[in-house]
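Let me begin by presenting the structure, written as structure tokens, before commenting on it.
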Amino acid sequence: MDTRIIRIFDTTLRDGEQTPGVTLNAAEKLEIAQTLAKLRVDIIEAGFPAASPGDFAAVSEIAAKVRGPVIAGLARTSSKDIDAAVNALKKAERPRIHTFIATSDIHLQYKLKMTRDEVLAAAQDAVRHARKFVDDVEFSAEDASRSDRDYLCRVFTAAIAAGATTINIPDTVGYTTPDEFGALIRYIREHVPNIDQAVVSVHCHNDLGMAVANSLAAVLNGAGQVECTVNGLGERAGNAAMEEIIMALHTRPEYYRAATGIDTSHIYRASRLVSVLSGIAVQPNKAVVGDNAFAHESGIHQHGVLNNALTYEIMRPETIGLNRNALILGKLSGRHALEERLKTLGYDLEPERINEIFVKFKELADRKKMVFDRDIEALVAEKASAMPEWFRLVNHHVVSGNQTTATAMVRIETDRGFTEQAACGDGPVDAAFKAIEKAVGFPICLKDYQIKAVTSGEDALGEATVWLEQDGRVISGRGLSTDIIEASARAYVGAINKLIATCGHPAAGDMAAGGE
Ligand SMILES: CC(=O)SCCNC(=O)CCNC(=O)[C@H](O)C(C)(C)COP(=O)(O)OP(=O)(O)OC[C@H]1O[C@@H](n2cnc3c(N)ncnc32)[C@H](O)[C@@H]1OP(=O)(O)O
Ligand SMILES: CC(C)C(=O)C(=O)O
């Protein structure tokens, strides 16, 4: 069998971060990038360096610290964007500039206000400019699937002639169907005369739920690179889900005649990490990584699986690194046991980091009979997203009931002192949030709030996520505790700290510092 190797281009940190409500800080992005490197993705698109100083810094840090995959930075066709990407990627072992411009008439007329000839020239100039700095240049024709085919082929021919080493065919608005998209890939391969000098890539969005199917149709028609994101995150309805593409190719090699270089045993952990850090939960019935993906509810299925898992399982959970051995640590467990468990879960952490997690683990084990793998994953992710603490929640006291107005008192500390404030609210969480808002001394715009149990059982760890809005930016914060009010209050304070770190709220300096 002639098996082609398909390159996996992960864009969780760029298109994935375009998911409404998702903002990742540099430490979180680095943690995800390191996990992607363990997954052995071929290319990590680390961000869009010209978009903001924060994105520039995150791409620079990933370029300097992550080894293995190619590190890519996105840029419009302007030389300003390309230069920013070049600078951000300076320390990358294998940098790639990814430049793009739209080619559909709709985008040309209403967005770019450019003619077809102007766009073709911009594409060519951008690729030529990028090639002055790096050997690896990808060119994307945004909205390719709604572009005139022959014009699209002319643009790709020009981009390859200018030095593009990968040409990417995005279904930017998730418009095509698998048959159509497969035919488009075939058409481009047959009508771009210099196509053999470049890798053909695809980038599919999920507006009609066909991103994965379209990407796989492209593979069947000769695409050599697939762009995707962990858990299918991305603009609007998201991108093609990486785990689904990988496992489709892994499970049906005889059909696709293609394979990837991915270490599938890191898939589950990558999915959990991205879910926790992005604050976007994975739906239980999600293919491959959903909670129910390997669960068998009905008697006939259970009977079959007990006899032989092959009756109802086309993949083994172990293949994606899902260890069904859910337990087993508690308050009497020691550092070695935790370290061993972390290794089994795929974490390769510095001793200092393990020590920090061990302290948190012991605190948790004191409050919880059994500490499950998911609890440990949540503790690791909590550390990864820790921000400099402008405000610290020292303690809180909440009274609520069906005959009482909920009231909360909080004590908040900064390096300059502390303040205690009380507030009433529409329930205990609302009261706690209002008391914290009073304590920090500036208005907070709460956009969304979510609480869920990390594991089951009455002593389950609660994971709260809050989303705050400031100047059009949405910032999320997470808090963990067996007490859901405490988890919520921690998430709220964490999000405020993140907001200050990101937007530098001016009123923060005015906090009334109380004191004895
Ligand atoms: C399909 C995709 O996912 S593309 C990637 C989307 N990602 C992002 O947009 C990242 C976040 N974006 C940003 O931070 C900002 O939009 C920036 C920094 C990139 C640009 O900000 P601004 O300069 O304020 O421009 P704004 O976003 O309002 O408009 C986009 C401009 O880029 C132009 N443009 C859009 N795409 C391209 C392109 N590929 N090449 C060249 N110019 C382009 C538009 O025509 C418009 O130009 P104009 O200002 O002359 O009218
Ligand atoms: C920049 C390109 C690849 C993109 O994100 C899209 O077209 O969706």
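Since the model is a prediction, treat every value here as computed from it, not as a measurement. Ligands are counted one by one from 1 in listed order, and the atoms in each one are counted from 1 as well.
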Point to revise | Nearest protein heavy atom with distance in Å, relative to atom 31 (C) of ligand 1 | key: Arg76 NH1, 3.4 Å
Review point. Are Thr465 and Ile451 side-chain neighbours, meaning at least one heavy-atom pair lies under 4.5 Å?
Key: no
Within the 4.0 Å heavy-atom shell around [X], which atoms of ligand 1 are there?
| X | answer |
| --- | --- |
| Gln18 | 3 (O), 5 (C), 6 (C), 7 (N) |
| Lys111 | 45 (O) |
| Glu142 | 1 (C) |
| Phe100 | 4 (S), 38 (C), 39 (N), 40 (N) |
| Ile101 | 39 (N), 40 (N) |

Would a 4.0 Å cut-off, counted as strictly less than, catch a protein heavy atom around [atom]?
| atom | value |
| --- | --- |
| atom 29 (O) of ligand 1 | no |
| atom 37 (C) of ligand 1 | yes |
| atom 40 (N) of ligand 1 | yes |

Revision key, fill the gap. Honestly, for Phe48 the part within reach of ligand 1 (heavy atoms, under 4.0 Å) is side chain
Check your understanding: Does Lys113 approach ligand 1 within less than 4.0 angstrom via side chain, backbone, both or neither, non-hydrogen atoms only?
Key -> neither
Review point. What do you reckon, does Glu235 put a non-hydrogen atom under 4.0 Å from ligand 1?
Key: no
Exercise for review: May I ask whether Arg14 has any heavy atom positioned less than 4.0 angstrom from an atom of ligand 1?
Suggested key: yes
Check your understanding: Is a side-chain N or O of Trp467 found less than 3.5 angstrom from the main chain of Gly21, in a donor-acceptor match?
Key -> yes
**Study point:** Plane angle bin for Phe133 and His129 - parallel if under 30°, tilted between 30 and 60°, otherwise perpendicular
**Key:** perpendicular
Review point. Going through the distances and angles, do Asp150 and Tyr187 end up as a side-chain hydrogen bond (donor to acceptor under 3.5 Å, both in side chains)?
Key: CA-CA 9 Å; Asp150 294 321; Tyr187 188 88; 2.5 Å; yes
Practice item. Going by heavy-atom distance to atom 35 (C) of ligand 1, choose the closest among Ile82, Asp55, Leu112. Key: Leu112
Exercise for review: Please work out which of Gly47, Ala51, Ala50 has its closest non-hydrogen atom nearest to atom 11 (C) of ligand 1.
Suggested key: Ala51
Distance dump, ligand 2 polar atoms to protein, N/O, under 3.5 Å:
{"residue": "ligand 2", "atom": "5 (O)", "partner": "Arg14", "partner atom": "NH1", "Å": "3.3"}
{"residue": "ligand 2", "atom": "5 (O)", "partner": "Arg14", "partner atom": "NH2", "Å": "2.9"}
{"residue": "ligand 2", "atom": "5 (O)", "partner": "Asp15", "partner atom": "OD2", "Å": "3.3"}
{"residue": "ligand 2", "atom": "5 (O)", "partner": "His203", "partner atom": "NE2", "Å": "3.2"}
{"residue": "ligand 2", "atom": "7 (O)", "partner": "Thr172", "partner atom": "OG1", "Å": "2.6"}
{"residue": "ligand 2", "atom": "8 (O)", "partner": "His203", "partner atom": "NE2", "Å": "3.2"}
{"residue": "ligand 2", "atom": "8 (O)", "partner": "His205", "partner atom": "NE2", "Å": "3.0"}

**Study point:** Ring-face cation contact, Tyr151 with Arg116, 6.0 Å cut, 45° max
**Key:** yes
Exercise for review: Using the salt bridge (Lys or Arg N to Asp or Glu O under 4.0 Å) rule, take Lys286 and Glu244 through it: C-alpha gap first, then chi angles, then the decisive distance, then the call.
Suggested key: CA-CA 9 Å; Lys286 163 90 175 59; Glu244 295 178 22; 2.5 Å; yes
**Study point:** Centroid-centroid under 6.0 Å between Phe433 and Tyr449 rings
**Key:** yes
